[in-house]
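See structure below.
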Protein chains: 2
Amino acid sequence: MVNQVQTVDDTWRRCSKSDSSGASNSGGESSKESSRSSTPVLDTDRSDRLRDKMRRRMESGEHWFSLEFFPPRTSSGAVNLISRFDRMGSGGPLFIDVTWHPAGDPGSDKETSSMMIASTAVNYCGLESILHLTCCNQTKEKITGHLNKAKRLGLKNIMALRGDPVGTDWEEEDEGFNYATDLVKHIRCQFGDYFDICVAGYPTGHPEAQSYDVDLKHLKEKVDAGADFIITQLFFRADTFLKFVRDCRAIGITCPILPGIFPIQGYQSLRQLVKLSKLEVPEEIMQVIEPIKENDAAIRNYGIEHAVSMCRELLESGEVPGLHFYTLNREVATMEVLRQLGLWIEDPRRPLPWAVSAHPKRKVEDVRPIFWASRPKSYIYRTQDWDDFPNGRWGNSSSPAFGELNDYYLFYLKSKSSKDALLKMWGEELTNEKSVYEVFTSYIMAQPNQAGHKVMCLPWNDEPLAPETNLLKDELAKVNRRGVLTINSQPSINGKPSSDSVVGWGPPGGYVFQKAYLEFFTSSENVTALLKVLKKYEPRVNYHIVNVLGENTTNAHDMQPNAVTWGIFPGREIVQPTVVDPVSFMYWKDEAFALWIEQWAKLYEDESPSRMIIKYIHDNYFLVNLVDNDFPLDNCLWQVIDDMFELLDDTSLEQPIAAEQHVGEQLAN
Amino acid sequence: MVNQVQTVDDTWRRCSKSDSSGASNSGGESSKESSRSSTPVLDTDRSDRLRDKMRRRMESGEHWFSLEFFPPRTSSGAVNLISRFDRMGSGGPLFIDVTWHPAGDPGSDKETSSMMIASTAVNYCGLESILHLTCCNQTKEKITGHLNKAKRLGLKNIMALRGDPVGTDWEEEDEGFNYATDLVKHIRCQFGDYFDICVAGYPTGHPEAQSYDVDLKHLKEKVDAGADFIITQLFFRADTFLKFVRDCRAIGITCPILPGIFPIQGYQSLRQLVKLSKLEVPEEIMQVIEPIKENDAAIRNYGIEHAVSMCRELLESGEVPGLHFYTLNREVATMEVLRQLGLWIEDPRRPLPWAVSAHPKRKVEDVRPIFWASRPKSYIYRTQDWDDFPNGRWGNSSSPAFGELNDYYLFYLKSKSSKDALLKMWGEELTNEKSVYEVFTSYIMAQPNQAGHKVMCLPWNDEPLAPETNLLKDELAKVNRRGVLTINSQPSINGKPSSDSVVGWGPPGGYVFQKAYLEFFTSSENVTALLKVLKKYEPRVNYHIVNVLGENTTNAHDMQPNAVTWGIFPGREIVQPTVVDPVSFMYWKDEAFALWIEQWAKLYEDESPSRMIIKYIHDNYFLVNLVDNDFPLDNCLWQVIDDMFELLDDTSLEQPIAAEQHVGEQLAN
């Protein structure tokens, strides 16, 4: 709660004092437009820019929404905010924006800096994002440095603000940045048309402005200097905004003007707002709120109701193409308002079966190896230095090396769970390999483990099972119990509509397909039996089997990727977003084995039996992947595993060595 | 017949005098290996070379065959020979070879030159080919020039021969090419490992050699100089060859040695052979042949029987990986021998649904626009200057310009029919547009036209309907009768096995798919109705409608190709060999409209009514293509056309203008 109150205060402060405030806004269009471009990309960096997306939406009359966030204060706050980006991104915002915190080293590489948060939103969460930037008391060099860095990180949109002067004796500097207009001019002068630029508008006039009319004139100057659209400070009545828009149009401002919507979420925060922002809360609102000021839930409900009704009025006016929400980094109220307005996409249409990065360099990317399916951020991180991304086929792009994943504590790859929570889920003390099998099984079944704790994640999967994988739950649980430790799988699909709520992706009217895939760790005894069994399944099943040393057994072509997910769409070339690629499997192998040690073994004391058990698995198990090429038939991979168990059961009559004895033996040495 | 006898004589001459003779061989592997390489191609030019194909076949114990041809004397002979390449190529030779005719300007650009015939086999017929080259009486510069040209044309294999000395007073030259060995050395010296080199072997010794043993030593020298394999002169007994192989192995020749097989085809030709080649026909053969020397059919049957039995003995010996046939440019005997041996592929497996060019530069090519489906040689010709060929997706390769098709009389694009035959098929005199509709309908139905002549080809289709298109025959005939003049179509296919005898292609174990496609010329009246009808089929049907001026109406994305044929195979990325591409459609449009004039209108006198009718169609009709994107459902394109007719029938009650009146009006002007 303390943290929340602080952040609210913080927002008020920003909202009230200068033009760094209410005119901020947020981003990310994950649903309506596919990232796919199969034709010659004429302008790789800046095609499909935010202002063009807005224009297309306005032409089609499709309303949008956007979300504003501020950077977190702590590293764990950053992890939470990024999860929030993923959750709120799924609702289909056109963009999000991230505010600029001059006090928080905003341009630095800190996990909590404005720059890094916006970059993460773009690169790892696939959200079209606007980075705020304030210019007051900054040198041109410093500003240009920030802009260069933003460009390098894949940011394409800037909210140009003056910001709060430091100290009270601020005066205009002759050559400095005195107004947001100066910053807009500077961006256009230094970066041409590269960035889309947003500026702030004040429906009741800027508190420091001479008058409403003078403030309007300043806004016109900002737009004339090269701004592409306007986001307004919050307001309490639709009329206030609509009059403001009319006044803007009257003096020749023609660009989109997006209303800043602030759902009232509490009495205290509203009071603070009144004090700091110099905005006046209308009497009719105060009358409702005063009597219920002790009842947080009642106020929030009122806030939602009020916001919904105001937004309806705005949208019905025909003057408002999209709504911008000041989220205060909270989800509930904004999501509820958007749901009631019918703007929240409940069943997001995925352009591809994995989350598309919004970095312009990755625009054409439409093929990835399946191995990182549950660790997309790791994949994006490891391929961030690639010059070309695979487009259409994996082929020639498999040569660029994967970056090392040296630092497992990169904030966006961190487990959301604490060490304590992980120990509860994965076992305070492991007694043998079977205890590990049970952890996997509990995860698959989403059931409590023996100690009564639900296993919500594994080192290879930081989220509960995907709905798609859930289809395979019973089979997965069965094999995990017997030491086939599955970390990735997909069922076969033979032409389901692209609109299918579980497995669908891509534009409407298409069909999606998959080859069944299964990836797991298992003991060398199992692998020996598996290899015998697999002979019966040639050439239907392709396999790769590798241990931590990289000793590799396969029946697949050395270099040939196997497409395991593809889609056929009206008027398009084939899209094959997921492949099993032999070359990248060897990079994944390193990561997959390392996760045993880095995320699991290290939870335990050095030399402790628990750590030794995990280490034993790391050193001795094999990582196996299987593809059933015959996608129109029933998936045969479960039969393969059954056959393996059957063979093992037969053999074990002769060689009665239970798997767990091996660890015992090793520990005894 | 005269022509045939001449060519036989010619072959004997070549076979008998020098080492330019019997050791020739022929090429083209169209079936066993797919041309697809989706992984980084490390050595674009010379990967998958002939010697590697041989090695793989030997390792797998799969016998192969190859075919030798000599260049034709006339341009119409060239057209016939190229058709023969297509027919005999479908049986699956590992390669063909083309002999070198020093007297026929063999390195020139003439349609009949050895160089151009071999180039056509590689580029347009997709056959792995060996070009013979003789060096006797040639300067090094001349030889190097030939080799450079061969390389540029995509030829990768050379049969290095001495050739016949000119005149009788030939003497060895100190710095010249005196033996095939000199040529082998020269090729390796000038071109390194680029070419695969074949040399000739003489199972009974070269007629000019001092002795069998000396000749063997020369052969060893040729191999040591860098030859990759040996093809032998013809022989009559398996023993002769098997002893020769043993003797070669004994002196350290380890490369493949392929027996030259000559099926006896006539008494006269055999006698001439005896005379010129200094080969001895064994007594047991002469005893059979003499009594039946007047009976050509009997001798041919005996020749086939003898060749089959000898080939069986060779193959069973285990010493013979492949058989090389001296075809004398004839089909029947060789094909029959190969059929009886079980080496002829009756149901050739197509690596892609179109004929793959064997030019090394086009190795990665696996996407083409559908428009040239019936004119693949024209497509290859028009794209011959491309630096990159599309691989995996059409995308970035659509920018290179298509070459102009200025010369419609390029020999490999010529109609196989004479002007007279064409007039019989397409009408000596056309009376109105309906007469044109009837020609199309007769072609579709493979039935005689009103004058009683079967229509075997159209300007857009030089062959009778493909078996696949035959599936659509009834629907096609129906719409052609009413002036929907179809020139290209394919049915929808939802996952048939890649081994399907009609629509299958690609490696075994896969599945092939198609979107239904229909392309036709039709009047502007029809197009007006069609456009109304198509509104009902949005977005299921994509269309492009264009007239000769390039006025274009479409509901497809400007630049986005639509994949209409694709295949899913074990362990592979998706292959999408055929696309409907908006950009290349505009190039195809020029060619498709021009064919009306160049191939049809020009059959008639200037200003004649027949020519005016074709010209009217050319000037006024539209070229339309339709794609039904919903491949799992029943093809809706026939329904689209039916709806169009229905709308026209309704409208025509109001506006009773029959289509043919327009031509009448124009002619009256």
Side-chain angles (χ1 to χ4, degrees), chain A residues 36-42 364 366-367 390-399 494-497 507-511 513 515 538-542 554-576 579-583 627-632, chain B residues 36-42 364 366-367 390-399 494-497 507-511 513 515 538-542 554-576 579-583 627-632:
Chain A
R36 178 111 188 302
S37 159
S38 67
T39 43
V41 178
L42 302 172
V364 298
D366 67 4
V367 192
N391 174 228
R393 71 171 48 187
W394 180 257
N396 297 327
S397 295
S398 65
S399 29
N494 186 16
K496 288 229 181 180
Y511 295 91
F513 293 79
K515 292 180 181 175
E538 295 271 3
R540 179 167 173 180
V541 175
N542 278 122
T554 180
N555 68 341
H557 187 287
D558 273 5
M559 301 281 277
Q560 186 98 264
N562 190 352
V564 292
T565 301
W566 63 100
I568 318 297
F569 303 99
R572 300 254 179 157
E573 292 189 82
I574 314 299
V575 193
Q576 55 156 38
V579 296
V580 168
D581 168 53
V583 178
V627 176
D628 178 3
N629 286 299
D630 243 335
F631 62 95
Chain B
R36 179 116 189 299
S37 158
S38 67
T39 44
V41 178
L42 302 173
V364 298
D366 67 4
V367 191
N391 174 229
R393 72 171 48 187
W394 179 257
N396 297 325
S397 296
S398 65
S399 29
N494 187 15
K496 288 228 183 180
Y511 294 91
F513 293 80
K515 292 179 181 175
E538 295 270 7
R540 179 169 173 179
V541 175
N542 279 123
T554 180
N555 69 340
H557 187 287
D558 273 4
M559 301 282 274
Q560 187 100 262
N562 190 350
V564 292
T565 301
W566 63 99
I568 316 297
F569 303 98
R572 301 251 180 158
E573 291 188 82
I574 314 298
V575 194
Q576 54 156 40
V579 296
V580 169
D581 168 54
V583 178
V627 176
D628 178 2
N629 286 299
D630 242 335
F631 62 96

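Since we're looking at a predicted model, the values are computed, not measured. To find a chain, count down the sequence lines: A is the first, B the second, and so on, and within it residues start at 1.
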Next item on the list: Could I get the full list of side-chain contact (heavy atoms from CB on, under 4.5 Å) partners for A:P497, not counting sequence neighbours?
Entry: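 Testing A:P497 for side-chain contact (heavy atoms from CB on, under 4.5 Å), a comparison that skips the adjacent residues, returns A:S499.
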Check: Atom CD1 in A:I574, atom CD1 in B:I568: separation rounded to 0.5 Å?
Finding: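 A:I574 CD1 to B:I568 CD1: 7.0 Å, rounded to 0.5 Å.
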Next item on the list: Any chance you could measure A:R572, atom CZ, to B:H557, atom NE2, to the nearest 0.5 Å?
Entry: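 The distance works out to 8.0 Å.
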Next item on the list: With a 4.5 angstrom heavy-atom cut-off, could you sort out which part of A:P570 is near chain B: side chain, backbone, both or neither?
Entry: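 Both backbone and side chain.
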Next item on the list: Name the region of A:V627, side chain, backbone, both or neither, that has any atom closer than 4.5 Å to a heavy atom of chain B.
Entry: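 Interface part for A:V627: neither.
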Item checked: Heavy-atom check, side chain of B:R393 versus side chain of A:R393, under 4.5 Å ->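 Side chain of B:R393 against side chain of A:R393, heavy atoms only: no contact under 4.5 Å found.
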Notebook entry, point to check: Just by modelled atom types, is the B:W394 backbone N or O under 3.5 Å from a matching donor or acceptor in the A:E573 side chain?
Noted result: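 Yes; at least one donor-acceptor contact below 3.5 Å.
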Checklist line | For A:N629, side-chain hydrogen bond (donor to acceptor under 3.5 Å, both in side chains) partners two or more places apart | finding: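 Per chain and number, A:N629 pairs via side-chain hydrogen bond (donor to acceptor under 3.5 Å, both in side chains) with A:K515, A:N542, A:N562.
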Note to self: Can you classify the ring geometry of A:F513 versus B:F631 as parallel (below 30°), tilted (30 to 60°) or perpendicular (above 60°)?
What the structure shows: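 If you compare the ring of A:F513 with that of B:F631, the planes turn out parallel.
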Margin query: Ignoring hydrogens, what is the shortest heavy-atom contact between B:Q560 and A:G571? Give both atom names and the distance.
Written below: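 Taking every non-hydrogen atom into account, CG-O, 3.1 Å.
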